[in-house]
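Only one structure is covered here, and it is reproduced in the block below.
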2 protein chains.
Amino acid sequence: MLKLSKKTDYALMAVQYMASKGTARIVNTKEIAEEYNIPVELLAKVLQKLGKKGLIVSQNGPKGGYVLAKSSTDISVLSVIQAIEGHVGITECYHNEDSTCMQMPRCNIRTPLRNIQNSIYGLLDSMSIEDMKEFGSATIVPQSRLNGHRT
Amino acid sequence: MLKLSKKTDYALMAVQYMASKGTARIVNTKEIAEEYNIPVELLAKVLQKLGKKGLIVSQNGPKGGYVLAKSSTDISVLSVIQAIEGHVGITECYHNEDSTCMQMPRCNIRTPLRNIQNSIYGLLDSMSIEDMKEFGSATIVPQSRLNGHRT
DNA sequence: CCAGTCGCCGACTAAAATAATCGGACTTAG
DNA sequence: CTAAGTCCGATTATTTTAGTCGGCGACTGG
Ligand code: FES
Ligand code: FES
């Protein structure tokens, strides 16, 4: 449930890796792939997508590779995720206009789930790559309305 | 990304539906299935799972069906989700002990992602079925550390 | 006490999403 | 010129999810 795809994992690792080298250092696909045991061709596509989304910039030719397009503090985790996964939601019918969902007419979970989704988005958007690096720990838990349900 | 399975959707709808009738009223699978256009057989399994997890109680025989096992304020959204999806995490390697993940040795996203996951869990756990019913609106967004990244 | 309604369960198939691979074109430093 | 790199679409393999089927067991009302 709520699982990120491997491609997204790869994207996050790659971005984080680039962040760890400065903006000066240019890094290529193979280098990252070997560092994390990722199939090169697959990682290549991931990086290309990130490139197209403007999160990283590419340099062709020998000695080419990628560098972050901006400071790691200015790249949100959400932007990386969305770059790879596109804009999908927490539920099948993304709660958009064009839903073919059979339970639309009577759906009773549409609105509340959208709110939950927004909360999650807010959380992911509030966290930058730099943040990920820094606090591998730290709690960003929303304390509002948290007063102990739990089964 | 981060998508809940249809089964989970069905579970949430069903639970919400039961909550909307009181604990007095016993409701059967067919009734819910028809209300929301859900394939009966599939919904049946979902309800059985919820039963086994103790979220709802079943009544056999004719005039049988299900009722919530406790007040809708005491059933968290998280518990429903976990009842159906089991205990899976935001990433492939659930960040547990037994991961076969190839990038374990050097993984740089393990800890931060676990934190994000915990935040999400906290959010889902803090919301009850009753809450879902009430505020189809309302914001539970964590405002901490939210100061505008966004690409 | 028997018949029909309902829950219970596991195995099965179908469909879709994801992961990974392949083949070939384009770009550029040396 | 050429080798090292990015770029891109198409294809396949694998896994996950969605939905189906068939039979058993529990109960209740007649
Ligand atoms: S599940 Fe599709 S509209 Fe709610
Ligand atoms: S992705 Fe598997 S350990 Fe981090």
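So that the names make sense, note that chain A is the first sequence line, chain B the second, and so on, each numbered from 1.
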Atom CG of A/Leu43 and atom C1' of D/dC8 are separated, to the nearest Å, by 16 Å
Other residues, nucleotides and ligands only: do more than 12 of their heavy atoms fall within 6.0 Å of NZ on A/Lys21?
yes
Between NZ of B/Lys49 and P of D/dA18 the distance, given in whole Å, is 11 Å
Taken to the nearest whole Å, CG/B/Asn28 to C1'/C/dG4 is 14 Å
To the nearest 0.5 Å, atom CG of B/Asn37 lies from atom SG of A/Cys101 at 9.0 Å
In whole angstroms, the gap separating C1' of C/dT28 from CD1 of A/Ile26 amounts to 12 Å
Here the distance between atom P of D/dT6 and atom CG of A/Leu50, to the nearest Å, is 13 Å
Output for pair (A/Gln48 CD, A/Ile56 CD1), nearest 0.5 Å, gives 9.5 Å
(message) Within the 4.0 Å heavy-atom criterion, would you say A/Gly51 contacts the bases, only the backbone, or no part of the nucleic acid?
(response) nothing
TODO: Mind telling me whether B/Tyr36 and B/Tyr17 have parallel, tilted or perpendicular rings, with 30° and 60° as the class edges?
DONE: perpendicular
Quick note, B/Thr29 side chain, CB onward, closest among C/dG7, C/dT21, D/dG19 is C/dG7
Rounded to whole Å, the CE-P distance (A/Met18 to D/dT6) equals 10 Å
- Message: Between B/Tyr121 and B/Ile129, is there shared hydrophobic-cluster membership here, with clusters defined by ILVMFWY side-chain heavy atoms closer than 4.5 Å?
- Response: yes
Interatomic distance, CD1@B/Ile116 vs CG@A/Leu2, rounded to 0.5 Å, equals 12.5 Å
When rounded to whole Å, the NZ to C1' distance for the pair A/Lys30 and D/dA3 reads 12 Å
Fill in: Any B/Gln59 side-chain nitrogen or oxygen under 4.0 Å from OP1 or OP2 of D/dA26
no
Would you say A/Ser58 reaches D/dG5's phosphate, i.e. side-chain N/O to OP1/OP2 under 4.0 Å?
-> no
So CD1 of B/Ile75 and CD of B/Gln16: to nearest 0.5 Å the spacing works out to 11.0 Å
B/Pro62 has its side chain closest, among C/dA19, C/dC6, C/dT5, to C/dT5
Between NZ of A/Lys6 and P of D/dT16 the distance, given in whole Å, is 9 Å
Walking DNA chain C from its 5' end, the first of B/Ala44 and A/Tyr10 to be reached, judged by nearest nucleotide, is B/Ala44
With the side chain defined as heavy atoms from C-beta on, A/Gln48 is closest, among C/dC6, D/dA18, D/dC7, to D/dC7
Closest of D/dT28, C/dA20, D/dT20 to the B/Leu42 side chain is D/dT20
By nearest-heavy-atom nucleotide on DNA chain D, the more 5' of A/Lys63 and A/Lys52 is A/Lys63
Restricting both atoms to N or O, compile the protein contacts to nucleotides 22-26 of chain C shorter than 3.5 Å, with distance only.
none

